[in-house]
K.L.:
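Mind looking over this structure? Questions follow.
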Amino acid sequence: MKKLLLGNEAVARGLYEAGVRFVSSYPGTPSTEITEFAAEYDEIYAEWAPNEKVAAEAALGASIGGGRSFCAMKHVGLNVAADPLFVMAQTGVSGGLVIGVADDPGMHSSQNEQDSRHYAIAAKLPMVEPASSAECKEYTKIAYDLSEQFDTAVLLRLTTRVSHSRSPVELCDRTEYEVKPYEKNPAKHVMMPANAKKRHVVVEEHLAALAEYAETCPLNTVEANEGTTVGIITAGNCWNYAKETFGKNASYLKLGLLNPLPKQLLLDFAANYETVIVIEELDPVIENHCRALGLNVIGKKEGLPLCGEYSEELLKEKLLGIEPDYCEIGDPIPMRPPVLCPGCPHRGVFYTLSKLKLRVSGDIGCYTLGAVAPLNAIDTVYCMGASISSLHGTVKVRGEEDKYVSVIGDSTFMHSGLTGLVNVVYNGGNTTTLILDNSITGMTGHQENPLTGKTLKGEPTPNLCLEDICASLGVSRDHIRAVDPNDLPALEAILKEETAAKCASVIICRRPCALLKSVKRQPALVVDESKCVGCKACMKIGCPCISVTDKKAKIDASMCVGCGLCKQMCKFGAL
């Protein structure tokens, strides 16, 4: 039976059919749905881990325990998991182990365009990359066979377009693999120097065997079209773009195994064509490999971009000189920047921070939108958990000439904020940390986390307490404050008190995400036009429900959830 599946959904189906028993991940767009779909299969134990490092270590442990296991993350999550990633290349596996990593060319939901192929090369791990949902399923299954055949973890590389597009997938039955007997083997699994030196030799042997395998690997396929003088070397979703652009006017070497790359296969393919083009998004990994083999190829050096996503239109313009066919609109189109949702509990926080002219160290999450107009409240955003630790460094250098706070979400705090707060306390910092507790992991689509009281599969679990956690890290109970962020007077008063304190302090801004099913929508507010003077004070909070027409405020009742934050802006009682 065939079914239309998302690429991520197809990977989950591949996990099911491959007999995978254990999945541990941290949500990160565009990889999140893999684990959510995997959790729908009763045969697969699936969980959300606090961060990607923990998830990768748990998956490694499940593999060493004898079961096939999986871990998914986005490309920047691979940075967090890099420590166990490099080690698992040396330890090898027992049950098959696959690490799914979803890159984000074009930065649809990320802070960079990092190319994860470099990790495969550096860690000396094989990497496969599918180009469709059908390949997502099949490559996942093949990755487990490779993992067990070559005693290594395997990286499965996805990109946003492959993860989030649909195509037909043939559904097959699950193949069960018994849990392998556990064998105590310190020489293989205890990575102290004496053992690790010997395991490095094994890694190189495995890589050499994989390089030989790459020459005949069924994932590396050639499509030779008669009469063509152009040969295209490509991989993943770029194969789709190349096919749409050149059709039967070119021949193709589609690489499904990205590390190690073949040598003789590339030389033999290139020898048949007058012009050889390498088409790959982001960095010139395949191109540089071809040039090192002495091949004269067309690629990044000849104008194909290093940045952003590719498309059929881009390839036609860059390689065929065909200008894109589009219509020009005479009038400029106004920008529509992303905004916090109606009723978002973060809105009042950033309005108050901006009002008090505090310098704000931000973090990764929905609340990053506090940086955009009209709130304009956030000064810096780097990576998960960096708000607390980077602010500590700023204050140690600059002293207390300015008032600073760090802002971090509840899930992000559990991911990588804990150690930052430990650092502040341990080193005598006196910064104020705002933990925006909206009772969910909101940024990636409402996943549970250690503070929600539920597991990935919806089962009840101990609900960890932020107040107790912060106290256990050394923050004084007197300076751990909880407040409803929609109570603006209370929030402002607490901010003034804690930023004036001469010690580390934490303010927990606790209000659930307005989009949670458990949050009841209140009646939409209305404007009394007889009282509205058109002062636009209600516009300062940046709520998308509010606009001004004919010098009077208007509220879109279809969006308004009745949070009442705008009422606190109006001095004339018009709302």
K.L.:
Applying salt bridge (Lys or Arg N to Asp or Glu O under 4.0 Å) between Glu204 and each of Arg199, Lys124, Lys198, report the one that passes.
P.N.:
Lys124
K.L.:
Looking at every non-hydrogen atom in both residues, tell me the closest pair between Leu15 and Arg174 and how far apart they are.
P.N.:
O-NH1, 4.1 Å
K.L.:
Once rounded to the nearest 0.5 Å, what's the spacing between atom OG1 of Thr368 and atom CG of Leu340?
P.N.:
9.5 Å
K.L.:
Among Glu287, Glu280, Glu129, Glu281, which residue meets the salt bridge (Lys or Arg N to Asp or Glu O under 4.0 Å) test with Arg117?
P.N.:
Glu280
K.L.:
How long is the gap from OG1 on Thr461 to NZ on Lys454, to the nearest 0.5 Å?
P.N.:
12.0 Å
K.L.:
Ignoring hydrogens and angles, state whether a donor on the side chain of Thr441 or Tyr26 is under 3.5 Å from an acceptor on the partner side chain.
P.N.:
no
K.L.:
Okay, side chain of Arg481, backbone of Ile494: is any donor-acceptor separation there less than 3.5 Å?
P.N.:
no
K.L.:
Salt-bridged, Lys141 to Glu17, with N to O below 4.0 Å?
P.N.:
yes
K.L.:
May I have the step-by-step check of side-chain contact (heavy atoms from CB on, under 4.5 Å) for Phe70 and Ile34, ending in yes or no?
P.N.:
CA-CA 10 Å; Phe70 179 79; Ile34 300 173; 3.6 Å; yes
K.L.:
Could you check Leu434 against Leu495 for side-chain contact (heavy atoms from CB on, under 4.5 Å), going step by step and ending with a plain yes or no?
P.N.:
CA-CA 9 Å; Leu434 276 67; Leu495 273 167; 3.9 Å; yes
K.L.:
Look up atom CG in Leu261 and atom CD1 in Ile286, then write down how far apart they are to the nearest 0.5 Å.
P.N.:
6.0 Å
K.L.:
Which pair of heavy atoms, one from Gly256 and one from Asn220, lies closest together, and at what distance?
P.N.:
N-OD1, 2.9 Å
K.L.:
Strictly by modelled atom types, are Asn79 and Tyr119 linked by a side-chain donor-acceptor pair under 3.5 Å?
P.N.:
yes
K.L.:
Taking side chain to side chain contact (heavy atoms under 4.5 Å, CB included) as the definition, give me every residue that meets it alongside Ala514, ordered by chain and number, with sequence neighbours left out.
P.N.:
none
K.L.:
Less than 4.5 Å apart, any side-chain heavy atom of Ile508 and any of Ile480?
P.N.:
yes
K.L.:
What is the minimum heavy-atom distance between Leu207 and Pro260, and which atoms define it?
P.N.:
O-CG, 4.2 Å
K.L.:
Would you say Ser31's side chain and Ala72's backbone share a donor-acceptor pair under 3.5 angstrom?
P.N.:
no
K.L.:
Please enumerate all residues that pass salt bridge (Lys or Arg N to Asp or Glu O under 4.0 Å) together with Asp468, with sequence neighbours excluded.
P.N.:
Arg477
K.L.:
Tell me if a side-chain donor or acceptor on Lys254 pairs with a main-chain N or O of Leu219 at a distance below 3.5 Å.
P.N.:
no
K.L.:
Could you tell me whether the side chain of Arg68 and the main chain of Val98 form a donor-acceptor pair under 3.5 Å?
P.N.:
no
K.L.:
Could you tell me whether the side chain of Leu146 reaches within less than 4.5 Å of the side chain of Val128, counting heavy atoms only?
P.N.:
yes
K.L.:
Does the Ser25 side chain pair with the main chain of Thr35, one donor and one acceptor, at a distance under 3.5 Å?
P.N.:
no
K.L.:
Is there a donor-acceptor contact under 3.5 Å from the side chain of Thr412 to the main chain of Ile364?
P.N.:
yes
K.L.:
State plainly whether the residues Lys53 and Glu57 are in salt-bridge range, i.e. N to O under 4.0 Å.
P.N.:
yes
K.L.:
Just how far is it from atom CG of Leu60 to atom CG of Leu97, taken to the nearest 0.5 Å?
P.N.:
6.5 Å
K.L.:
How would you list, by chain and number, every residue that makes a side chain to side chain contact (heavy atoms under 4.5 Å, CB included) with Thr380, sequence neighbours excluded?
P.N.:
Ser361, Tyr382
K.L.:
To the nearest 0.5 Å, what is the distance between CD (Glu138) and SG (Cys172)?
P.N.:
6.0 Å
K.L.:
Side chain to side chain contact (heavy atoms under 4.5 Å, CB included) with His446: which residues, sequence neighbours excluded?
P.N.:
Ile440, Cys513, Leu515, Leu516
K.L.:
Within a reach of under 6.0 Å around CD of Glu176, are more than 12 heavy atoms found that belong to other residues, nucleotides or ligands?
P.N.:
yes
K.L.:
Do any pairs count as a side chain to side chain donor-acceptor pair (under 3.5 Å) and have a residue in residues 85-107, sequence neighbours left out, and if so which ones?
P.N.:
Asp103-Ser116, Asp103-Arg157, Asp104-Ser110, Asp104-Thr160
K.L.:
Tell me yes or no: between the side chains of Glu113 and His75, is some donor less than 3.5 Å from an acceptor?
P.N.:
no
K.L.:
With the side chain counted from C-beta on, respond yes when Ser387 and Val407 share a heavy-atom pair under 4.5 Å apart, and no when they do not.
P.N.:
no
K.L.:
Nearest heavy-atom pair of Pro345 and Asn438: which atoms, and what distance?
P.N.:
CG-CB, 4.1 Å
K.L.:
Any non-hydrogen side-chain atom of Val372 less than 4.5 Å from a side-chain atom of Val339?
P.N.:
no
K.L.:
Could you go step by step and tell me if Met384 and Val76 meet the side-chain contact (heavy atoms from CB on, under 4.5 Å) rule?
P.N.:
CA-CA 9 Å; Met384 295 280 280; Val76 289; over 6 Å; no
K.L.:
Is the side chain of Asp283 donor-acceptor paired with the backbone N or O of Val285 at a distance under 3.5 Å, no angle test?
P.N.:
no
K.L.:
Taking the side chain as every heavy atom from C-beta outward, state whether Val475 and Thr433 have any pair of such atoms under 4.5 Å apart.
P.N.:
no
K.L.:
I'd like to know whether Leu5 forms a side-chain contact (heavy atoms from CB on, under 4.5 Å) with Phe37, so could you lay out the CA-CA distance, the side-chain angles of the two residues, the decisive distance to 0.1 Å, and finally the verdict.
P.N.:
CA-CA 11 Å; Leu5 298 182; Phe37 282 118; over 6 Å; no
K.L.:
Does the side chain of Phe413 come within less than 4.5 Å of Asp363's, by heavy atoms?
P.N.:
no
K.L.:
Can you see which heavy atom on Cys366 is nearest to which on His346, and at what distance?
P.N.:
CB-CD2, 4.3 Å
K.L.:
Please report the closest heavy-atom contact between Leu158 and Pro130, naming both atoms and the distance.
P.N.:
CD2-CG, 3.6 Å
K.L.:
Are more than 12 heavy atoms, taken from residues, nucleotides or ligands other than Glu212, located less than 6.0 Å from that residue's CD atom?
P.N.:
no
K.L.:
Between His479 and Thr432 (side chain of the first, backbone of the second, donor and acceptor by atom type, cut-off under 3.5 Å), is there such a pair?
P.N.:
no
K.L.:
Suppose the criterion is salt bridge (Lys or Arg N to Asp or Glu O under 4.0 Å): which pairs have a residue in residues 31-51, not counting sequence neighbours?
P.N.:
none
K.L.:
Looking at Gly420, is its backbone amide N or carbonyl O close enough to the side chain of Ser389 to form a donor-acceptor pair, meaning the two atoms are under 3.5 Å apart?
P.N.:
no
K.L.:
Please check: side-chain N/O of Lys74 versus main-chain N/O of Thr29, any donor-acceptor pairing under 3.5 Å?
P.N.:
yes
K.L.:
Can you classify the ring geometry of Tyr41 versus Tyr16 as parallel (below 30°), tilted (30 to 60°) or perpendicular (above 60°)?
P.N.:
parallel
K.L.:
Checking Tyr177 against Tyr144 for the ring pair (Phe, Tyr, Trp, His ring centres under 6.0 Å) test, could you report, in this order, the C-alpha distance in whole Å, the side-chain angles of both residues, the deciding distance, and whether it holds?
P.N.:
CA-CA 11 Å; Tyr177 291 86; Tyr144 281 98; 8.7 Å; no
K.L.:
Could you tell me whether the side chain of Glu52 reaches within less than 4.5 Å of the side chain of Val101, counting heavy atoms only?
P.N.:
no
K.L.:
Around Lys180, counting heavy atoms of other residues, nucleotides and ligands shown, do more than 12 lie under 6.0 Å from its NZ?
P.N.:
yes
K.L.:
If we only count heavy atoms from C-beta on, is the Val154 to Tyr139 side-chain gap below 4.5 Å?
P.N.:
no
K.L.:
Give, for atom SG of Cys470 and atom CG of Leu418, the distance between the pair rounded to the nearest 0.5 Å.
P.N.:
8.0 Å
K.L.:
Answer yes if the side chains of Ser63 and Ser69 hold a donor-acceptor pair under 3.5 Å, and no otherwise.
P.N.:
no
